[in-house]
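So that the names make sense, note that chain A is the first sequence line, chain B the second, and so on, each numbered from 1. For the numbers below, each heavy atom of this structure counts, side chains included, while hydrogens, waters and symmetry mates do not.
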Amino acid sequence: MEYNFAQIEKKWQAYWAEHHTFQAQTDPAKPKYYVLDMFPYPSGAGLHVGHPLGYIASDIYSRYKRLKGFNVLHPMGYDAFGLPAEQYAIQTGQHPAKTTDQNIARYRQQMDRIGFSYDWSREVRTCDPAYYKWTQWAFLEMFNHWYNPETDKAEPIDTLIDKFQAEGRWDGLSEKEQSDLLMQYRIAYLGETSVNWCPQLGTVLANDEVKEGYSVRGGFPVEQKKMKQWQLRVSAYAERLLAGLDQLDWTDSLKEMQRNWIGKSQGAEMVFHVFNGDQEYEMTIFTTRADTIFGVTFMVLAPESDWVEKLTTPEQQEAVEAYLLQAKKKTERERIAETRKVTGVFTGSYAVNPLTGEKVPVWISEYVLAGYGTGAIMAVPAHDSRDYVFAKTFNLPIVPLIEGCDISESSFDAKEGIMCNSGFLTGMTVKEAIPAAIDYIEAHGLGRRKINYRLRDAIFSRQRYWGEPFPIYYKNGIPQAMPMECLPLELPEVDKFLPTETGEPPLARAQDWTYEGWPIETSTMPGFAGSSAYYLRYMDPHNDTALVSREADEYWRDVDLYIGGTEHATGHLIYSRFWNKFLYDCGYVCEQEPFKKLINQGMIQGQSKFVYRIKNTNTFVSYGLKDQYDTTEIHVDVNIVDGDRLDTEAFRRWMPDFATAEFILEDGQYICGSAIEKMSKSMFNVVNPDNVCERYGADTLRMYEMFLGPLEQSKPWDTKGIDGVHRFLRRFWKLFFDRDTFCVSDEKATPAELKALHKLIGKAQDDIEHFSFNTTVSAFMIAVGELSDLNCNKREILEPLLVVLSPFAPHIAEELWQMLGHAESISFASYPAYNAAYTVEDTVKYPVQFNGKLRFLLELPKSLGREEVEAAVRADANTGKYLQGATIRKVIVVPGKIINIVC
RNA sequence: GCCCUGGUGGUGGAAUGGUAGACACGAGGGACUUAAAAUCCCUUGGACCGCAAAGUCCGUGCGGGUUCGAUUCCCGCCCGGGGCACCA
């Protein structure tokens with residue numbers, strides 16, 4: 001009987017759906033295990049073979065854990081709000097909800113074909129009002145809470161009002177003043193800030209949505225603009241987000257990325273007296289190098305700093321204004337392009353060094369950022385490279401503070417050496433001087449210890465249509481939370497998805513977008529809003545009274561294994577952790593960290609193929625001969641290339657332009673060039689998993705994707721290698737058949753057969769636990785090879801073999817399992833026990849050393865104890881093989897070490 | 001510039017201190033077949049030596065070091081991939 005994968009796979013996918021095989025129930029009697037994939041944004045292009053890599057891995061692990069007796073929660077859903085559907089809507093007028101539904105249907109179809117064990121009854125979509133009710137709810141909770149630095153957690157805003165009342169700062173304020181005051185403390189707040197504004201997208205973007213001055217989605221230029229926006233006070237959680245990383249089982253590189261993003265730096269705030277003519281001010285700056293205070297030769301302000309106005313003298317007024325104007329006109333893009341190009345202007349004012357009493361000039365420069373520290377710095381050109389370049393450009397003095405350092409070409413930034421020219425710090429090492437300087441500053445009231453974070457608050461408004469509306473209305477211009485009973489606040493219909501003529505967001509087009517007659521906020525929430533707590537919603541997806549019930553949360557708790565791409569390191573994975581910690585503070589969830597273990601699957605790249613057209617002709621020359629002509633390289637669809645041979649007929653049919661193509665062949669074939677690139681439609685290198693399933697079956701696709709290489713590693717897709725895996729499955733199938741008849745005997749297994757089986761069980765178990773799925777597949781191939789050599793068709797061997805294989809190739813396993821006479825599908829909690837007795841590796845090598853010299857490796861059975869090893873050594877001396885009849889006085893055996901022999 | 005990764009046959013990769021190249025692809029040879037597909041068997045890191053059996057030397061980016069022994073650990077370079085980048 002042939003291995004008819006198409007029929008088998010269809011049958012079992014239907015069976016699992018019909019029997020709700022993978023539906024998870026809360027079951028306190030069983031240990032839980034929560035396996036989560038990062039849910040996809042359903043794009044119009046559908047899935048390519050790269051997308052399911054992580055899903056296959058998580059599915060294998062889920063199925064394995066079920067076989068090990070765990071109650072596994074393995075859900076899937078869609079991150080369905082987002083820009084592409086909206087951009088498409090603007091172009092076509094098609095409602096984004098409709099496009100999104102269609103794309104989701106396609107995604108579902110493609111995923112179903114691969115045979116995933118998702119519990120689809122728990123599916124969530126972020127654009128579903130029943131779902132985004134809870135996104136809006138969380139936002140309101142954040143609006144109604146503040147971060148209390150004393151208890152180091154979020155608390156209801158009422159406790160802050162009580163505090164203000166007790167301090168006499170509340171009563172007597174107008175309603176507007178009260179609102180403004182609280183706004184400075186709310187976790188979700190409306191505040192004026194410099195934002196990333198993208199004119200082409202007509203919206204602001206978060207820092208992680210911008211790369212090198214361009215929007216991540218769309219690639220449009222982004223500029224800085226001051227705007228009033230909703231923000232989340234993520235910065236309040238900076239320390240907890242940093243500290244929490246230590247307990248997580250994530251890769252070091254990912255944790256490091258988050259640490260850098262949070263960017264903790266310890267230092268001091270110091271007060272400088274500054275003078276604009278007769279006017280005196282106290283200006284605070286932040287530094288991590290308090291020890292270099294004696295080398296301060298000037299001060300620098302950010303152009304956007306409030307100090308600029310106060311410190312510009314009348315004489316310098318014109319120059320400063322000109323500088324500010326030109327700095328403002330620059331886009332973020334230009335600023336980056338001009339990195340390290342030094343610009344600046346003198347304010348005319350002077351500051352006094354609090355330790356030396358020396359007067360130093362105050363400058364303005366773009367290299368100081370308004371958003372970090374206090375937007376003002378003390379410049380120590382000898383020991384900071386940026387200050388150094390600035391000082392050189394504007395001819396400011398440079399005073400070295402470390403003995404013997406060379407500052408003729410560049411600054412000496414390293415925190416090492418002995419201090420000099422530094423008053424009471426002279427003679428100390430830098431490492432001693434830093435705390436000593438801060439102690440001194442604190443003792444003399446000149447400043448204090450201070451920790452700064454690079455992490456900024458998350459800008460939460462988007463001037464777009466396709467997102468969650470804010471449940472906020474403006475009563476006399478004062479923002480008010482809508483009552484929870486009004487949720488979900490559904491997205492209104494609009495006539496167009498574009499901003500209004502007056503530049504307001506699309507929601508301003510909605511008819512009667514008001515609450516009790518007051519206007520409702522017209523921004524919507526960003527993409528990360530809906531993905532920040534979806535893992536909690538899966539625990540209890542149909543609950544209408546809570547995001548997640550206490551019972552469900554206390555059972556499922558957190559995600560045990562999270563698999564997804566590394567591109568979310570500084571976005572989703574920070575926001576989710578923040579969101580979860582906030583809910584934890586409020587008592588809604590019982591775990592501080594949402595994702596215990598995280599694996600980043602690598603990308604599967606595409607293998608692009610090229611043909612070479614001789615310029616101004618329709619003649620194509622084969623790869624090996626292309627250098628003899630003047631050619632243009634053209635991407636060609638990988639699906640009409642076999643290996644590197646082009647199917648020239650298919651090529652002529654591929655595009656009308658090529659219908660009359662002529663070819664210059666080598667050895668009668670047209671050979672294509674190739675390159676490894678990102679898999680994408682525009683490179684014509686996309687391989688669709690549907691086609692692979694069609695030709696080889698889902699089981700082959702699943703195993704092949706794992707066989708390709710280590711999960712975390714990026715690797716190119718190469719359809720050619722898939723035959724090996726497919727052949728393996730056919731050989732596996734054949735173990736159960738004698739020619740055409742199903743033939744499995746009840747005979748006792750031989751030791752050799754048992755050894756092959758148990759070697760596999762041990763190896764597979766070990767590899768799966770370490771997510772080394774590529775070596776697991778190899779182990780299957782070896783085991784099946786050994787068993788076919790032994791002509792083994794015994795139930796005692798084949799039945800456990802099916803169970804071990806089933807997480808990888810579930811369809812074929814189920815089919816054969818049924819043929820063995822089982823009425824039910826392969827049951828949970830049936831992973832065969834590994835019996836080491838069958839798999840003893842025969843020998844171990846002991847290095848043997850005597851008279852101080854290592855002489856040979858002694859091969860002995862692994863199972864030997866210490867005395868037996870000694871006896872073996874003495875026996876060897878008797879036979880004279882290595883020790884040549886030496887008289888042995890003492891044998892020292894240390895497990896894992898060299899055997900020492902004293903002769 | 002800083003941080004994190006990785007570098008092994010024609011290719012994807014295996015081996016975390018003990019026989020480098022498992023497993024698979026590709027390639028070459030053979031069996032079966034009228035033929036093709038499918039299947040099965042053999043060879044396959046390089047260089048030498050030999051009729052053969054067998055044997056020798058070199059080899060994990062480069063240069064050092066530790067060790068009886070290094071792809072693996074340490075130090076210094078070179079190259080690729082990813083992240084951050086005026087963060088004071």
Side-chain angles (χ1 to χ4, degrees), chain A residues 2 207 211-212 251-265 267-268 270 285-290 292 299-300 302 335-336 338-343 365-380 383-387 389-390 410 413 452-456 566-567 569-570 600 602-603 605 607 643-644 676 703-704 707-710 712-728 730-731 734 763 767 772 774-785 788 844-850 852-857 859 896 898:
Chain A
E2 270 304 293
N207 281 350
K211 249 194 194 135
E212 290 172 359
T251 61
D252 289 338
S253 71
L254 192 74
K255 287 202 263 190
E256 206 52 36
M257 257 190 247
Q258 290 213 345
R259 285 193 192 105
N260 290 341
W261 191 260
I262 295 166
K264 179 178 184 172
S265 57
M270 252 187 266
I285 58 95
F286 174 75
T287 181
T288 54
R289 293 292 301 272
T292 60
M299 311 287 286
V300 189
R335 271 202 181 194
I336 287 165
E338 292 171 16
T339 304
R340 311 214 183 267
K341 189 171 161 188
V342 188
T343 64
S365 177
E366 285 180 306
Y367 84 87
V368 175
L369 304 177
Y372 184 79
T374 61
I377 62 156
M378 63 179 214
V380 185
H383 302 292
D384 181 287
S385 55
R386 295 151 303 179
D387 298 345
V389 175
F390 194 82
S410 63
D413 291 12
N452 253 321
Y453 299 92
R454 210 185 69 106
L455 183 71
R456 309 292 157 83
T566 180
E567 67 271 18
T570 52
N600 295 117
M603 248 209 301
Q605 294 136 317
Q607 225 181 99
D644 46 16
I676 307 296
M703 292 196 85
Y704 183 56
F707 184 66
L708 229 38
E712 295 94 333
Q713 198 172 298
S714 284
K715 54 239 159 185
W717 176 266
D718 179 8
T719 303
K720 270 206 146 172
I722 203 169
D723 286 324
V725 171
H726 191 62
R727 246 171 245 152
F728 156 76
R730 288 226 290 261
R731 279 173 67 179
K734 276 194 187 157
K763 170 93 173 140
D767 285 354
S772 176
N774 54 330
T775 51
T776 319
V777 176
S778 297
F780 284 130
M781 291 176 172
I782 294 167
V784 168
S788 16
V844 151
K845 288 197 182 80
Y846 291 87
V848 177
Q849 184 171 272
F850 61 103
K853 277 219 122 184
L854 185 115
R855 295 295 171 85
F856 57 91
L857 286 171
E859 280 197 51
I898 296 167

Note to self: I want to check one thing: is the phosphate of A85(B), taken as OP1 and OP2, less than 4.0 Å away from some side-chain N or O of Arg454(A)?
What the structure shows: yes

Item checked: Interatomic distance, Leu254(A) CG vs G82(B) C1' [rounded to whole Å] -> 12 Å

Item checked: Comparing Tyr453(A) and Met257(A) on RNA chain B - which has the more 5′ nearest nucleotide -> Met257(A)

Notebook entry, point to check: Under the side-chain contact (heavy atoms from CB on, under 4.5 Å) criterion, do Leu708(A) and Trp717(A) qualify, and how do the steps go?
Noted result: CA-CA 8 Å; Leu708(A) 229 38; Trp717(A) 176 266; 3.9 Å; yes

Check: Using the P atom in both, what is the distance from G12(B) to C2(B), to the nearest Å?
Finding: 31 Å

Item checked: U39(B) and G46(B), which share atom name C1', separated by this distance in whole Å -> 33 Å

Next item on the list: Tell me which nucleotide among C4(B), A88(B), U39(B) gets nearest to the side chain of Phe286(A).
Entry: A88(B)

Note to self: Without decimals, in angstroms, what is the distance between Asn600(A) CG and C4(B) C1'?
What the structure shows: 12 Å

Check: Whole Å only: how far is the CD atom of Glu366(A) from the P atom of C86(B)?
Finding: 12 Å

Next item on the list: Between G45(B) and A27(B), how far apart are the C1' atoms? Round to whole Å, please.
Entry: 14 Å

Next item on the list: Return the value, rounded to whole Å, for the distance between atom OH of Tyr367(A) and atom C1' of A88(B).
Entry: 8 Å

Next item on the list: Using modelled atom types only, decide if a donor and an acceptor are shared between the side chain of Ser772(A) and the backbone of Asp767(A) within a distance under 3.5 Å.
Entry: no

Next item on the list: Could you tell me the separation between the CG atom of Leu455(A) and the C1' atom of C84(B), rounded to a whole number of Å?
Entry: 14 Å

Note to self: Rounded to whole Å, please give me the gap between CD in Glu256(A) and P in A85(B).
What the structure shows: 15 Å

Notebook entry, point to check: Among the nucleotides C4(B), C86(B), A15(B), which one has an atom lying closest to any side-chain atom of Thr775(A)?
Noted result: A15(B)

Notebook entry, point to check: When rounded to the nearest Å, what value does the distance between P atoms of C78(B) and A85(B) take?
Noted result: 25 Å

Check: Which distance, rounded to the nearest 0.5 Å, do you find between the OG1 of Thr251(A) and the CE of Met257(A)?
Finding: 7.0 Å

Margin query: Would the distance check show the side chain of Lys264(A) and the main-chain N or O of Ile262(A) forming a donor-acceptor pair, the cut-off being under 3.5 Å?
Written below: no

Next item on the list: Could you tell me whether a side-chain N or O of Asn452(A) sits under 3.5 Å from a main-chain N or O of Tyr372(A), the two making a donor and an acceptor?
Entry: no

Next item on the list: Could you tell me which non-hydrogen atom of Tyr367(A) sits nearest to which non-hydrogen atom of Ala379(A), and how far apart they are?
Entry: OH-CB, 4.5 Å

Next item on the list: Compare all side-chain heavy atoms of Lys734(A) with those of Ser788(A) and state whether any distance is below 4.5 angstrom.
Entry: no

Item checked: Worked check of side-chain contact (heavy atoms from CB on, under 4.5 Å) between Met270(A) and Ile285(A) -> CA-CA 5 Å; Met270(A) 252 187 266; Ile285(A) 58 95; 4.1 Å; yes

Checklist line | Validation row: Lys763(A), Thr775(A) side chains within 4.5 angstrom (heavy atoms) | finding: yes

Check: Between U16(B) and A22(B), how far is it from one C1' atom to the other, in whole Å?
Finding: 15 Å

Next item on the list: Quote, to the nearest angstrom, the P distance that separates G69(B) from A14(B).
Entry: 28 Å

Check: Which is true for Pro710(A) with a 4.0 Å heavy-atom rule: it touches a base, it touches only sugar-phosphate, or it touches nothing?
Finding: sugar-phosphate

Check: Counting side-chain heavy atoms from C-beta on, which of C4(B), A14(B), A88(B) comes nearest to Asp384(A)?
Finding: A88(B)

Margin query: Please report the distance, rounded to the nearest Å, between CZ in Arg730(A) and C1' in A38(B).
Written below: 7 Å

Notebook entry, point to check: Of all the choices, C84(B), G13(B), C4(B), which nucleotide is nearest to the side chain of Lys715(A) once you look at every atom?
Noted result: G13(B)

Checklist line | Presence of Gln713(A) side-chain N/O under 4.0 Å of G13(B) phosphate oxygens OP1/OP2 | finding: yes

Notebook entry, point to check: Which part of the nucleic acid, if any, lies within reach of Asn452(A) when heavy atoms closer than 4.0 Å are counted: base, sugar-phosphate only, or nothing?
Noted result: nothing

Next item on the list: Rounded to whole angstrom, note down the C1' distance from U34(B) over to G29(B).
Entry: 22 Å

Notebook entry, point to check: Think Asn774(A) has a side-chain N or O under 4.0 angstrom from the OP1 or OP2 of G12(B)?
Noted result: no

Note to self: One character per nucleotide, please: for nucleotides 23-32 of chain B, 5' to 3', B when the base has a protein heavy atom closer than 4.0 Å, S when only the sugar-phosphate does, - otherwise.
What the structure shows: BSS-------

Next item on the list: Run the numbers on Arg730(A) and His726(A) for side-chain contact (heavy atoms from CB on, under 4.5 Å), then give the verdict.
Entry: CA-CA 6 Å; Arg730(A) 288 226 290 261; His726(A) 191 62; 3.1 Å; yes

Next item on the list: For Met703(A) and G13(B), give me the distance from atom CE to atom P, rounded to whole Å.
Entry: 18 Å

Check: Starting at the 5' end of RNA chain B and moving along, which residue's nearest nucleotide shows up first, Asn260(A) or Gly709(A)?
Finding: Asn260(A)

Notebook entry, point to check: Which dot-bracket string fits RNA chain B when only Watson-Crick or G-U wobble pairs with both atom distances under 3.5 Å count, crossing pairs get [ ], and | stands for a partner on a different strand?
Noted result: (((((((..(((.....[....)))((((((.......))))))((((......))))..(((((..]....))))))))))))....

Check: Of the non-hydrogen atoms in Thr343(A) and Phe390(A), which two are nearest, and what is the gap between them?
Finding: O-CE1, 3.4 Å

Note to self: Any side-chain N or O of Ser385(A) below 4.0 angstrom from OP1/OP2 of C86(B)?
What the structure shows: no

Next item on the list: Between G13(B) and U8(B), how far apart are the C1' atoms? Round to whole Å, please.
Entry: 9 Å

Check: Are Asp387(A) and Ile377(A) close enough, and set up right, to give a side-chain contact (heavy atoms from CB on, under 4.5 Å), and what steps lead you there?
Finding: CA-CA 10 Å; Asp387(A) 298 345; Ile377(A) 62 156; 3.6 Å; yes

Notebook entry, point to check: Base of G50(B) relative to its sugar, syn (within 90° of 0) or anti?
Noted result: anti

